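Before I ask anything, let me first share the structure, which is written out below as C-alpha cells.
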2 protein chains.
Amino acid sequence: MVGRVLGVLDAFSAEHPVLTLSELSRRAGLPLSTTHRLVRELTERGALERDADGRYRIGLWLWEVASLAPHGAGLRESAMPFLEDLYEATHQHVQLAVLDGSEVVYVERISGRNAVRIQSRVGGRLPVHATGVGLVLLAFAVPEWQERVLASPLKRFSPRTIASPAELRRVLANVRRDGYAISDGQIEPEVLSVAAPVYGEQDTVVAALSIVVPSEGTDPRTLVPAVRAAARGISRALGAPRAVRVSGGAHWETL
Amino acid sequence: MVGRVLGVLDAFSAEHPVLTLSELSRRAGLPLSTTHRLVRELTERGALERDADGRYRIGLWLWEVASLAPHGAGLRESAMPFLEDLYEATHQHVQLAVLDGSEVVYVERISGRNAVRIQSRVGGRLPVHATGVGLVLLAFAVPEWQERVLASPLKRFSPRTIASPAELRRVLANVRRDGYAISDGQIEPEVLSVAAPVYGEQDTVVAALSIVVPSEGTDPRTLVPAVRAAARGISRALGAPRAVRVSGGAHWETL
DNA sequence: GAAAGGCTTCCGCTCAATGGAAGCCCTGGT
DNA sequence: ACCAGGGCTTCCATTGAGCGGAAGCCTTTC
C-alpha cells in the first residue's frame, strides 16, 4: 500500500512533471479506479495538486515536507553563502551535489543567464563517473563502493567520457591526491567542470561543489583555488573538524 | 491509508527534522507497530532515511520527487538569475514566496553571511499579513480570499504588526496602488522588507519577491526600483504578458 | 452519429493492513 | 547487580478498508 502511494509519486519525472489521471494510472501500473482513489487523497492533502486542465502535479505540501530533508535545508542553508561567493567571482554555474548509489543528485545550483548550457538540474541525477562532482564523491567514497562502481558498466556520453575502469581508477587516485577533480567534455563536449569535496561533521565527504564553465578558453587550474576554498568554507560551516583545524595554522592537511 | 503515510511524513517539522520511531508514532498518533511498518516501507523506498543512531529523517528520494513541484524547479529556475542580481546589488536576504491559504511559503532564498537574522526558512511558512511578500500576495489575490483573511484573526508578533482589519485593508489598497509593499518590524522589530509581485503566464500574481534588510538606517524606498525590476524580470521569464508588453514602450501599465 | 479516450462513481469481495502482545536490548537510577 | 522504563522488532488472528471491474457520463475527433 505504501508502495502504491509512492509509486504514484514516482510516476512524475522531469520529462513528465504534469500528468493526467490516465497517464498516472499507466505509469504507475495501477488500475484506473485505484489510481483515482489514491490521487484524490493525495490531492486533498496537498501532496499532489490539480491544475485547471484537470492534470496532476507534485504539490506544495510535499515540497514543504521534503525541504526538511538533510540534503535540503541543512546542507543548502550552510552552503548557500559560499555558492554565492563562487558565483559572484565567476558568473558561471555553481552547483552542489550528493552521492546516491552510482549517481550524483544535484541539490543546489546557481546559474547565470549567460552561462553555458548544462545537463544537470536541481533534483536531477547524473552518473557519478561522468561528472566533476561525481568523480569527487566517488574518489572519497568507501573503497567497497568504489569497486562496485568500477565493476559496473560505465556509460559513454561523448568521446571523452571515462568509460574504462582502468582510466576511472587512475582518475580517482588523482582526485584523492589533488583534492579536486576536473571533468572536461564528458557529457557535453564544450563543458568543463572543476569540483572539490565538502566534508561533514565526521570528516567524511558528504557533498561535492563544482563550477561549470565553457571548455573553450579556460584553464581549469585557475579555478581550483576558488572552488576548493568555497568547499572548505562549506565544510567549516558543516562543522567538519579538518576544515576548522586549518585555521590553527600549524597543521596543514596531508592528502 | 494514504492519510497514514502522509501523517507519518507530516510528523517531521523544522523543530523536529529527525525523529525516533517512538516519536514518530506519538506525533502521527499511530500505534507503534503500525508506525514501524509504514516507516520501514518508506525507508526502503528512500522517502525516509535512517541515521546511524536509528533515527529517521526525510529522505533524498522524496526530495527529488518534490523538486518536481512547480514551486520547485519551474519557478525557481526562472527566478534564480534575478534573485542573484538583486542579491549582488545588496548582499541582503532575497526571497521568493508563494501564497497558500493565509500563509506564505518561502520557496527560495539567498542570504549573505552578514545579513540580518530573519524568521523565514525555505520550505517554511509565515502569516500573510505580517510579511512583505504576504502583503503583496494578498493584495493581488482574488477579492473573496482577501475578505476571508480580513475576517480572520490577525495574529500580532510585535507592536508594529498589522493586527486590525481596517489597517490591513488600507495597506492592501496601498500595495495595489503602488505595486509594492513595505513591511517594517512586523515580526522582528529591526527587520524591514520590500516586496513586489511576480506575474505568471495568465498575468496573475503567482509569487512575490522581497528583500529583507535591517530597519536601521534604511530608506525602503531606495530599494523599491531594484526589487520591482527583479520581479518584472522573473515575470517576463515566466511568460507574463504584462511583463513583456512593457518593452514595447508605448503602453505603460496603469495601476 | 459513432468511436475512442478520459474521468467518476459504485459495490461485492477478499486479503493485506491492523494493533495488541510478547520479547529483546539499552540506559539510567538505586 | 537489579529493576524500571523506554525504545524497538516481530508475530499473528482478525476484519474492514482497499481493491478493481463495471457502468455511466463527458469530451473530442472523424
Side-chain angles (χ1 to χ4, degrees), chain A residues 1-62 65-66 68-70 74 201-202, chain B residues 1-62 65-66 68-70 74 201-202:
Chain A
M1 181 58 215
V2 172
R4 294 181 159 221
V5 173
L6 300 185
V8 167
L9 296 180
D10 203 28
F12 294 93
S13 68
E15 291 76 41
H16 303 97
V18 184
L19 296 165
T20 63
L21 180 65
S22 299
E23 285 167 338
L24 273 174
S25 169
R26 283 194 295 271
R27 293 177 63 88
L30 298 173
L32 195 55
S33 53
T34 302
T35 309
H36 186 254
R37 237 188 328 97
L38 294 179
V39 163
R40 186 175 57 191
E41 284 194 79
L42 288 166
T43 302
E44 283 166 0
R45 190 54 185 265
L48 296 182
E49 286 171 356
R50 197 168 189 194
D51 69 21
D53 302 321
R55 299 175 310 170
Y56 297 94
R57 61 201 190 190
I58 300 291
L60 185 60
W61 177 82
L62 193 66
V65 169
L68 299 169
E201 283 192 338
Q202 320 290 338
Chain B
M1 181 59 215
V2 173
R4 292 179 161 223
V5 173
L6 299 185
V8 168
L9 296 180
D10 203 29
F12 294 94
S13 69
E15 291 76 38
H16 303 99
V18 182
L19 296 166
T20 63
L21 180 65
S22 298
E23 285 167 339
L24 272 174
S25 169
R26 282 192 297 268
R27 293 177 62 89
L30 299 172
L32 194 56
S33 53
T34 302
T35 310
H36 186 254
R37 238 188 326 96
L38 294 179
V39 164
R40 187 175 58 190
E41 284 193 78
L42 286 166
T43 303
E44 282 166 3
R45 190 55 185 265
L48 296 183
E49 287 171 355
R50 198 169 191 194
D51 68 20
D53 302 320
R55 298 174 310 169
Y56 297 94
R57 62 200 190 192
I58 299 292
L60 184 62
W61 176 83
L62 192 66
V65 169
L68 299 169
E201 284 191 337
Q202 321 290 337

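Below, chain A is the first sequence line, B the second, and so on; all start at residue 1. Being a predicted model, the structure only gives us computed values, none of them experimental.
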Taking only heavy atoms on the protein side, list every residue of residues 16-26 of chain A lying under 4.0 Å from any atom of DNA chain C, sorted numerically.
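Output list: Thr20(A), Leu21(A), Ser22(A), Arg26(A).
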Nucleotide dT8(C), atom P - distance to CZ of Arg40(A) in whole Å
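Arg40(A) atom CZ is separated from dT8(C) atom P by 9 Å.
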Should Ser22(B) and Leu32(B) count as side-chain neighbours, where that means a heavy-atom distance under 4.5 Å?
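Yes. Closest side-chain heavy atoms under 4.5 Å.
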Is Arg55(B) close enough to dC8(D) that one of its side-chain N or O atoms is under 4.0 Å from OP1 or OP2 there?
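Answer no for this pair, as no side-chain N or O of Arg55(B) is under 4.0 Å from OP1 or OP2.
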Criterion side-chain contact (heavy atoms from CB on, under 4.5 Å) on Leu6(A) and Trp61(B), from CA distance to verdict:
CA-CA 10 Å; Leu6(A) 300 185; Trp61(B) 176 83; 3.9 Å; yes
Answer yes or no: is there a side-chain heavy-atom contact under 4.5 Å between Leu30(B) and Leu24(B)?
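Side chain of Leu30(B) against side chain of Leu24(B), heavy atoms only: no contact under 4.5 Å found.
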Got a sec? Which of residues 29-38 of chain B come in under 4.0 Å of DNA chain D, heavy atoms?
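Heavy-atom contacts with DNA chain D come from Leu32(B), Ser33(B), His36(B).
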Run the numbers on Val18(A) and Asp53(A) for side-chain contact (heavy atoms from CB on, under 4.5 Å), then give the verdict.
CA-CA 10 Å; Val18(A) 184; Asp53(A) 302 321; over 6 Å; no
Between Asp53(A) and Val2(A), which is nearer to the 5' end of DNA chain C once each is assigned its nearest nucleotide?
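Between the two, 5'-proximity favours Asp53(A).
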Which nucleotide in dG19(C), dC19(D), dA17(C) has an atom nearest any side-chain atom of Arg4(A)
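Selected nucleotide: dC19(D).
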Quick one: pull up CZ in Arg40(B) and OG1 in Thr35(B) and give me the separation to the nearest 0.5 Å.
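Between atom CZ of Arg40(B) and atom OG1 of Thr35(B) there are 12.5 Å.
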Steps toward side-chain contact (heavy atoms from CB on, under 4.5 Å) verdict (His16(A), Glu23(A)):
CA-CA 10 Å; His16(A) 303 97; Glu23(A) 285 167 338; over 6 Å; no
Only pairs at least two apart or in different chains count here, so list each salt bridge (Lys or Arg N to Asp or Glu O under 4.0 Å) that has a residue in residues 1-21 of chain B.
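Passing the test, one end in residues 1-21 of chain B: Arg45(A)-Asp10(B).
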Evaluate side-chain contact (heavy atoms from CB on, under 4.5 Å) for Leu48(A) paired with Leu62(A), printing each intermediate quantity in order.
CA-CA 8 Å; Leu48(A) 296 182; Leu62(A) 193 66; 5.9 Å; no
